[in-house]
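Taking it in order: structure first as C-alpha cells, then the write-up.
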Amino acid sequence: MASKHFITLILLSFLISISGYSQNKKQPNILFIAVDDLRAELGSYGSNIVKSPNIDKLASNGIQFNRAYCQQAICGPSRASVMTGARPETINVIDLFQDFRDNRPSIVTIPQHFKENGYETVSLGKVYHGSYTDDEMSWSRKPIKVKRDANVPEIEGGYALPESQLMYLKNKIALEAKYGEKLIRENWLDKGPALEAADVPDETYDDGYNTLSAIATLNDMVKKGDKPWFLGLGFKKPHLDWIAPKKYWDMYDESQIPIATQVNPPKDGAAIGLSESLELRVSADIPKTGNLSPELQRKLKHGYYACTSYIDAQIGKMIQALKDAGQYENTIIVLWSDHGFNLGEMGYWGKATNYEIATRVPFIISAPGVTDRTKGQTSDATVELVDIFPTLCDLTGLSKPNHLEGQSLVPYLKKPTTKSKKPAFSVFPSPALREWAARPFTAPFRTTFFMPLIEKIETKVANQMGDKWDRKTFEQFVMGYAMRTDNYRLIIWKDRRRPNDTPLYMELYDHINDPYETVNIAVQNPKVVNELVSLFDKTY
C-alpha cells in the first residue's frame with residue numbers, strides 16, 4: 001500500500017511539474033514599441049499619403065484604437081505616465097527635467113512589475129525619456145549592442161552629410177560666441193538643419209541601429225529560453241530633426257504632399273494654448289519669426305513622412321525577427337506614440353498643446369489568444385495611454401498594482417464595438433509661455449533670438465486675460481486640463497494653486513460639427529460646459 005502511495009505521489013509531482021512547465025511556456029512575451037512624436041496619420045488611420053505598410057499590417061493583426069490619447073503632449077511626462085500607469089500630476093512630472101523616482105520613489109513601473117513576476121526585461125532606444133531610464137528598477141538585463149558595419153558613416157550632431165555637419169558646427173560656434181556656451185547647451189539652441197536625406201544604411205542613425213541590437217537581444221533571450229520576456233524598443237523619429245535615409249524620402253513625391261489648410265488658431269481660443277513653433281524655429285535653417293513659405297512647409301512635411309516610413313520599416317524588421325525566432329504566436333505587441341504633432345495646423349508646428357492633433361496618438365495592440373477573433377477591427381472608444389499598464393496585467397494574468405489610474409482595455413480587445421466607459425484626459429502647463437521642454441522661459445532664454453516671439457506671445461495672452469494677467473502666475477502655475485468625450489473637447493485653464501477657484505478661461509470644441517477645433521463655443525453653450533465640468537470633477 002505504501003508503495004502505491006509513493007508511486008501516486010511521484011506521478012502527481014511529475015504532472016504538476018509538467019503543468020507548471022506548460023504554463024511557463026505559455027506565458028506570453030511582450031514587445032513594447034514606443035514611437036516619438038508620431039501622430040495618428042498612417043495608412044491604417046486613413047491616410048492616402050503616408051506609407052506605413054508594416055504598422056498597417058500590425059493593425060490588421062490586432063486592434064487599432066482610433067481615439068487614443070496621451071496624458072501630456074510632450075515626451076518626458078507622457079512616457080513617465082505610461083510607464084508608471086499614473087497621470088502626470090500624480091507623479092508630479094510635467095516637464096522634461098523631472099524624475100518620477102524623485103517624487104514617487106517606490107512606485108512600480110510596467111517593466112519592474114514584469115521583472116518582479118519572472119520576466120526578463122530589457123530596453124533599447126527611447127522608452128523612458130532622456131537620462132531617466134530607471135535602469136536599476138525596471139530592467140533585468142543589458143541589451144546586446146551590435147557592431148556597426150564599417151561602411152556606416154560617422155555622425156556629428158545627429159547628421160550624416162558633411163554639409164549638414166558643417167551647418168551644425170557653424171551655427172554652434174556663432175551662437176556660443178554671441179550668447180555663451182552654457183546658455184546654448186542648456187537650451188538646446190545649437191542645431192543644424194531641420195532636414196537631412198542622406199544615402200546611407202538604416203543603421204547609420206540610432207533608430208536603425210537600435211533595431212538591429214533589439215533583434216540580437218531578442219535572439220539571445222530566445223536562445224537562453226528560461227524566462228518569458230518584456231522587450232521595450234523605443235524610436236526617436238519622427239521627432240525633430242527630420243532625418244532619415246534617402247530611400248524613405250524617395251517614397252514620396254514632394255509636389256503631391258498637401259500642406260495644412262487650417263492655418264489659424266481656434267477662433268476665441270485661449271491665447272495661452274499655442275506657442276510660436278519654437279521647437280522647429282531653433283533649427284539653423286528655419287526662420288525665427290514670421291510665417292513659413294508653402295514650399296518650406298511642404299518640404300518639412302516630406303521630412304516628417306520620410307521619418308515615419310523609416311520607423312515603419314524598422315518595426316517591420318523587428319516583427320519579422322519575432323517570427324523568425326518562432327516567438328510571434330506567443331508575443332503581445334503594443335505600439336504607441338507618446339503624443340501627436342501639428343504640421344502647420346492651427347498655424348503651429350510642434351506638440352505641447354491640449355488640442356486634438358497633439359494629444360491623439362496611434363495605439364495598436366495585438367494579443368494572441370485574445371485578438372485572434374477580432375483582429376483587423378478598430379475601436380472608436382476614447383481610451384488613454386495610462387490604460388496600457390492594467391491591460392498588460394490582465395493579458396498576462398498578473399495582479400494590478402494599487403496605484404494604477406487607467407482601466408484595462410481587454411473588453412475592447414474582445415469586443416471592439418464596446419462603447420466608451422470614460423472620457424480621456426490630457427494636461428499641459430502654460431503652452432504659450434514655456435519652451436519645448438515645458439519649462440517656463442528663463443531670463444537667459446529671453447535674451448536669445450526668441451525675444452521678439454516671446455514678447456508677441458505675452459502681449460497676446462495679456463490682452464486676452466486683462467486684469468487676470470500676471471506673468472509669474474501664467475508662466476509657472478497655470479495648467480490646462482483637457483477632457484475628450486465622444487462628442488466634445490473641453491479645456492479648463494486653472495491656477496494649480498487654487499484648483500477650486502473659477503477657471504481663468506474655458507474652451508469647448510464640438511467634434512461632431514467641428515472636428516478640427518476651429519471655433520471655441522464655450523461662451524455660447526454654458527449648459528454643455530456646466531455638464532462637462534461636472535463630469536470632469538467626478539472623473540479626473
Side-chain angles (χ1 to χ4, degrees), residues 69-74 77 81 87-95 265-275 346 348 352-356 358-359 382 384 405 422-434 438-441 454 456-511 513-514 517-540:
Y69 296 88
C70 68
Q71 276 47 80
Q72 187 174 336
I74 191 170
S81 174
R87 300 185 185 281
E89 286 196 304
T90 300
I91 54 177
N92 195 28
V93 177
I94 60 172
D95 67 40
K267 184 177 182 294
D268 298 324
I272 199 171
L274 285 168
S275 86
M346 298 185 174
Y348 176 62
T353 79
N354 280 305
Y355 297 118
E356 183 80 1
T359 58
T382 54
E384 303 175 283
E405 295 184 282
K422 63 177 179 61
F425 300 97
S426 305
V427 300
F428 208 97
S430 309
L433 299 175
R434 296 188 174 214
R439 299 177 302 183
F441 299 137
I454 293 173
K456 175 185 174 183
I457 291 167
E458 288 188 344
T459 299
K460 192 186 301 183
V461 177
N463 288 341
Q464 184 180 69
M465 300 311 301
D467 293 342
K468 297 178 184 177
W469 166 250
D470 171 73
R471 176 190 283 174
K472 181 178 178 180
T473 295
F474 275 80
E475 197 172 62
Q476 297 186 23
F477 302 112
V478 171
M479 178 68 82
Y481 296 89
M483 181 176 75
R484 181 67 158 89
T485 66
D486 285 342
N487 297 336
Y488 294 100
R489 173 175 296 276
L490 175 75
I491 306 175
I492 307 171
W493 296 95
K494 295 184 178 185
D495 183 335
R496 294 180 73 202
R497 299 168 300 179
R498 304 177 181 88
N500 296 321
D501 285 5
T502 301
L504 297 166
Y505 204 81
M506 303 280 279
E507 295 179 81
L508 177 67
Y509 299 96
D510 179 350
H511 269 262
N513 299 303
D514 183 21
E517 301 178 339
T518 63
V519 181
N520 173 20
I521 59 170
V523 172
Q524 299 89 334
N525 293 272
K527 182 179 178 182
V528 175
V529 169
N530 289 337
E531 290 173 352
L532 291 175
V533 168
S534 178
L535 178 63
F536 174 87
D537 290 339
K538 289 177 183 177
T539 54
Y540 179 69

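The structure displayed is predicted, hence computed values, not measured ones.
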Distance-only check: which donor-acceptor pairs under 3.5 Å involve side-chain atoms of residues 265-273, not counting sequence neighbours?
none

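Note: Gln71 CD to Thr359 OG1 = 9.5 Å, rounded to the nearest 0.5 Å. How far OH of Tyr348 is from OH of Tyr355: 11.0 Å, rounded to the nearest 0.5 Å. Atom CG in Asp95 sits 9.0 Å away from atom CZ in Phe428 (nearest 0.5 Å). Distance check: Asn525 CG to Met506 CE gives 11.5 Å after rounding to the nearest 0.5 Å.
Phe441 pairs by the ring-ring contact (aromatic ring centres under 6.0 Å, His included) definition with Phe445, not counting sequence neighbours. Residues passing the side-chain contact (heavy atoms from CB on, under 4.5 Å) test with Ala482, sequence neighbours excluded: Asn354, Ser426, Arg489, Ile491. Taking the salt bridge (Lys or Arg N to Asp or Glu O under 4.0 Å) definition, one finds that Arg87 meets it with Glu384, sequence neighbours left out. A search for salt bridge (Lys or Arg N to Asp or Glu O under 4.0 Å) contacts involving Arg484 returns Glu356, not counting sequence neighbours. For Asp495, the salt bridge (Lys or Arg N to Asp or Glu O under 4.0 Å) test picks out Arg497, Arg498, with sequence neighbours left out. Residues meeting the side-chain contact (heavy atoms from CB on, under 4.5 Å) test with Arg434, sequence neighbours left out: Pro429, Ser430, Pro440. The salt bridge (Lys or Arg N to Asp or Glu O under 4.0 Å) search around Asp486 returns Arg67, not counting sequence neighbours. Not counting sequence neighbours, Phe477 has no partner by the ring-ring contact (aromatic ring centres under 6.0 Å, His included) test. Judged as a side-chain contact (heavy atoms from CB on, under 4.5 Å), and not counting sequence neighbours, the contacts of Asp514 are Tyr509, Thr518, Val519.
The list of salt bridge (Lys or Arg N to Asp or Glu O under 4.0 Å) pairs with a residue in residues 521-540, not counting sequence neighbours, is empty. Residue pairs meeting the salt bridge (Lys or Arg N to Asp or Glu O under 4.0 Å) criterion with at least one member in residues 471-482, sequence neighbours excluded, are Arg446-Glu475, Glu458-Arg471.
A donor atom on one side chain and an acceptor atom on the other are found under 3.5 Å apart for Glu507 and Trp493. Judged purely by distance below 3.5 Å, without hydrogens or angles, the side chains of Tyr540 and Glu89 pair a donor atom with an acceptor atom.
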